[in-house]
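Accompanying notes for the structure given below.
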Amino acid sequence: MRVEIWADIACPWCFVGKARFTKGLAGFAHRDEVELVFRSFELDPNRAKGEVSPVLELLARKYGRSLDEARAMEEHVAAAARAEGLEYRTEGRDHGNTFDVHRMLHLAAARGRQEELLDLAYRANFAEERSVFDPEVLVALAVEAGLDESEARAVLADDSAYAAEVRADEREAAELGANAVPFFVLDRRYGISGGQPAEVFTRALEQAWAEREAAEPAAAEREPRAGAGAGAGAEAEACEPEGACAVPQS
């Protein structure tokens with residue numbers, strides 16, 4: 001069974017959601033028969049390459065909040081991340097265009113190292129003092145993930161390398177009705193939006209597996225729609241285009 005995950009490296013709920021999905025997958029009896037594919041989704045595609053700004057200032061400006069209120073928003077996400085055993089910095093992070101990161105992730109996919117690079121990029125962006133928007137950092141992460149340094153540099157030097165693959169992922173997300181990430185598609189039957197609890201993912205995997213075995217061939221061609229999940233829980237935190245993430249109500 002294939003599970004596709006649309007996400008952006010700049011999305012904190014994608015970081016948390018992947019950890020929750022991983023825990024949910026661990027509780028699934030057929031976990032060794034699940035293929036994970038990570039798809040591209042840019043939260044801020046119109047941001048100029050090289051234009052990087054502090055996350056706290058971005059949040060304050062976008063939501064019309066003070067820096068202290070923006071810091072509280074980050075603490076809300078940090079608490080969720082730490083509950084999943086993840087490190088999360090609330091100060092000193094930056095935000096920028098993630099197109100090059102997605103292109104590098106497609107190179108990693110072609111070399112069988114996609115999840116390794118994704119995890120390293122998430123950790124660098126949310127837990128470490130390393131900016132994924134710095135080309136040298138991105139190359140270093142690619143090498144850590146097992147990619148060839150010269151090949152990684154060649155991809156960054158050629159803006160067309162894997163660009164079509166990134167755009168194809170983004171078009172498909174729009175066709176599926178995904179307007180926020182993370183967005184999980186199970187076996188092309190169910191779409192689950194947001195960083196749901198681990199047990200929701202386990203139930204969804206179980207139901208998708210059961211229906212997969214019983215489904216007629218034509219049923220496998222159905223396209224999932226955002227929010228239509230197997231055993232999906234309540235609406236979970238997610239990030240929308242232009243960097244808009246769920247704002248805590250209290």
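All values derive from a computational prediction rather than experimental measurement.
- Side-chain atoms of Glu172 and Leu176, non-hydrogen and from C-beta on, do get closer than 4.5 Å to each other.
- When side chains are defined from C-beta on, Val3 counts as touching Ile5, because their heavy atoms get closer than 4.5 Å.
- For the pairing with Glu74, the salt bridge (charged side-chain N to carboxylate O under 4.0 Å, His left out) check across Arg65, Arg93, Arg89 returns one residue only, Arg93.
- For the residue pair Asp68 and Ser66, no side-chain donor N or O sits within less than 3.5 Å of a side-chain acceptor on the partner.
- Note that CD of Glu75 is 9.5 Å distant from OH of Tyr88, once rounded to the nearest 0.5 Å.
- The shortest distance between side-chain heavy atoms of Ile192 and Gln196 falls below 4.5 Å.
- Taking the charged nitrogens against the carboxylate oxygens, Lys23 and Glu84 do have a contact shorter than 4.0 Å, which makes a salt bridge.
- Side-chain atoms of Pro54 and Asp94, non-hydrogen and from C-beta on, never get closer than 4.5 Å to each other.
- Between the Trp6 side chain and the Asp169 main chain, a donor and an acceptor come within less than 3.5 Å of each other.
- Looking at Leu156 and Asp100, their side chains come closer than 4.5 Å, going by heavy atoms from C-beta outward.
- Atom OG of Ser40 and atom CG of Asp8 lie 8.5 Å apart (nearest 0.5 Å).
- Here Glu116 does not pair with Arg111 in a salt bridge; the nearest charged N to carboxylate O distance is not below 4.0 Å.
- Using bins of under 30°, 30° to 60° and over 60° for the plane-to-plane angle, the ring pair Phe21/Phe201 lands in the perpendicular bin.
- Under a 4.0 Å N-O distance rule, the pair Arg153/Glu136 qualifies as a salt bridge.
- Using a 4.5 Å heavy-atom cutoff, the side chains of Lys18 and Tyr122 are in contact.
- Using the six-membered ring where Trp is involved, Trp13 and His76 have ring planes that are perpendicular, over 60° apart on the 30 and 60° scheme.
- Both the sub-6.0 Å distance and the 45° axial angle are not jointly satisfied by Arg203 relative to the ring of Phe28.
- The side-chain heavy atoms of Asp159 and Lys49, taken from C-beta on, include a pair separated by under 4.5 Å.
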Item to check | Worked check of salt bridge (Lys or Arg N to Asp or Glu O under 4.0 Å) between Arg123 and Glu87 | outcome: CA-CA 8 Å; Arg123 189 173 70 193; Glu87 295 182 39; over 6 Å; no
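- Considering only heavy atoms from C-beta on, Leu141 comes within 4.5 Å of Arg130 through its side chain.
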